[in-house]
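First listed ligand is number 1; within each ligand, the first listed atom is number 1.
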Amino acid sequence: MAAKNLLEIENLHTWFELKKYGFVTVGNVRAVDNVSFTIEKGEAISLVGESGCGKSSLAKTILGLYNPREGHINFAGTVLDSSDEEQMDWYRAKVGYVQQDPYGALPPFMTLKKILEEPMKINGIKDSEERIQRIKETMEELKLTPVDDFLSKFPHMLSGGQQQRTVIARALVLDPDLLIADEPVSMLDASVRIEILELLQKIQHERDLSVMYITHDLSTVRYFSKRIMVMYGGKIVERSPVGDLLDNPAHPYSIALLHAISEPDAENVDTYKEVPSGEPPSLLNPPEGCRFHPRCKYKIDGLCDEEIPPDFGCGMEGHQVACWLYRQEGEGIPDDS
Ligand code: SF4
């Protein structure tokens with residue numbers, strides 16, 4: 001493992017068996033299909049893609065909630081073994097998880113104090129003074145203040161933004177090294193989204209925290225990630241420094257995602273016309289070759305529909321795209337498109 005990397009994901013496959021009558025296997029849903037990437041210590045990366053592309057399955061596999069069929073997760077120099085309960089307890093305390101739906105993620109009959117105290121009790125922090133000290137510090141950090149007023153509140157007494165800040169506080173109270181935030185702002189009002197993203201960015205810098213930010217909304221990734229990965233049909237199809245991908249997207253799917261960003265300027269709505277038609281692929285019977293080929297106007301017959309494209313370099317250092325258009329250096333999307 002390279003010294004700077006906190007997390008190394010290697011050839012990860014998360015497939016779910018589909019059974020008929022409860023016992024006859026009729027196929028596999030290939031939610032995560034041969035995914036590899038790294039996150040350095042203190043680095044924030046974004047994972048983007050539309051609903052059903054495998055983002056959340058990848059997150060839950062990294063969190064240890066799903067067992068991979070193949071591949072490895074290497075965290076801080078340790079290759080995880082899901083059968084080693086002691087090791088998995090250590091690992092889960094090092095990784096915080098922020099869910100999409102803050103209200104659904106919080107137990108309705110527990111006060112904030114109990115909600116934030118629970119992870120510490122589970123992880124053997126027996127000193128109640130230490131627990132309350134950590135709770136107060138984390139609530140201050142998340143701007144759940146005045147702390148004494150919030151400690152006795154129940155989730156339904158909070159606004160959506162306060163609920164999500166509580167979910168983030170719960171994920172941080174054990175002082176993790178890695179935070180996985182799965183669509184953390186998608187259910188919040190636009191004004192609250194920015195506030196939460198700016199707070200996450202501040203915490204990431206101050207704690208030197210590694211963050212994996214998962215979203216379907218490319219317009220929010222600039223807030224704190226330096227690198228971005230685009231996922232489609234269970235695979236990573238493009239990865240790049242964030243500015244290079246937003247300014248010079250290479251994969252036809254990434255270009256379509258960028259065109260789908262809401263445009264407040266009515267004079268620029270023409271960009272919507274370039275969004276490709278069709279649906280995301282079935283992960284039970286994914287298309288042969290490139291999974292985007294049924295929707296791609298640049299498809300090369302006999303190649304794109306038969307062979308899975310490997311990663312090719314394009315643009316800046318670290319910018320890679322899994323698309324046959326880039327198989328020769330200097331080539332890419334045709335100019336007259
Ligand atoms: Fe389109 Fe082929 Fe590139 Fe896939 S590999 S995105 S089908 S050009």
Undergrad: Is Cys290 close enough that one of its N/O/S atoms sits under 2.8 Å from atom 2 (Fe) of ligand 1?
TA: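 False for Cys290.
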
Undergrad: Just jot down the ligand 1 atoms closer than 4.0 angstrom to any heavy atom of Leu325, in number order.
TA: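 Listed by number with element, the hits are 8 (S).
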
Undergrad: Taking atom CD of Glu118 as the centre, report whether more than 12 heavy atoms of other residues, nucleotides or ligands fall under 6.0 Å from it.
TA: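 At most 12 heavy atoms, drawn from other residues, nucleotides or ligands, come within 6.0 Å of this atom.
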
Undergrad: I'd like to know if Asp177 pairs up with Lys41 as an ion pair, taking the criterion as any Lys NZ or Arg NE/NH1/NH2 lying under 4.0 Å from an Asp or Glu carboxylate oxygen.
TA: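 Result for this pair is no, no salt bridge flagged.
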
Undergrad: Can Lys4 and Glu43 be counted as an ion pair, charged N to O under 4.0 angstrom?
TA: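 No salt bridge links Lys4 with Glu43.
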
Undergrad: Taking 4.0 angstrom as the limit, do Lys202 and Glu206 come out as a salt bridge?
TA: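 Looking at Glu206 together with Lys202, the answer is yes, because their closest N to O distance falls below 4.0 Å.
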
Undergrad: Specify the protein heavy atom at minimum distance from atom 1 (Fe) of ligand 1: its residue, its atom name, and the distance to 0.1 Å.
TA: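 Closest protein heavy atom to atom 1 (Fe) of ligand 1: Cys296 SG, 2.3 Å.
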
Undergrad: Using a 4.0 Å cutoff against the non-hydrogen atoms of Pro252, which atoms of ligand 1 qualify?
TA: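 Under 4.0 Å from Pro252, ligand 1 has these atoms: 6 (S).
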
Undergrad: Tyr298 and Trp324: ring-ring contact (aromatic ring centres under 6.0 Å, His included), yes or no, with the steps?
TA: CA-CA 10 Å; Tyr298 308 108; Trp324 287 115; over 10 Å; no

Undergrad: What are the atoms of ligand 1, with element, lying closer than 4.0 Å to any heavy atom of His251?
TA: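 Contacts of ligand 1 toward His251, numbered from 1: 6 (S).
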
Undergrad: How close does the nearest protein non-hydrogen atom get to atom 5 (S) of ligand 1, and which residue and atom is it?
TA: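 Ranked first by proximity to atom 5 (S) of ligand 1 is Trp324 N, 3.2 Å.
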
Undergrad: Looking only at protein heavy atoms, which one is nearest to atom 2 (Fe) of ligand 1, and what is the separation?
TA: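 Nearest protein contact, heavy atoms only, for atom 2 (Fe) of ligand 1 is Cys304 SG, 2.3 Å.
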
Undergrad: Check each heavy atom of Cys323 against ligand 1 and say whether those closer than 4.0 Å belong to the side chain, the backbone, both or neither.
TA: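 Under 4.0 Å from ligand 1, Cys323 contributes backbone and side-chain atoms.
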
Undergrad: Using 4.0 Å as the upper bound for N to carboxylate O, is an ion pair formed by Asp33 and Arg291?
TA: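 Result for this pair is yes, salt bridge flagged.
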
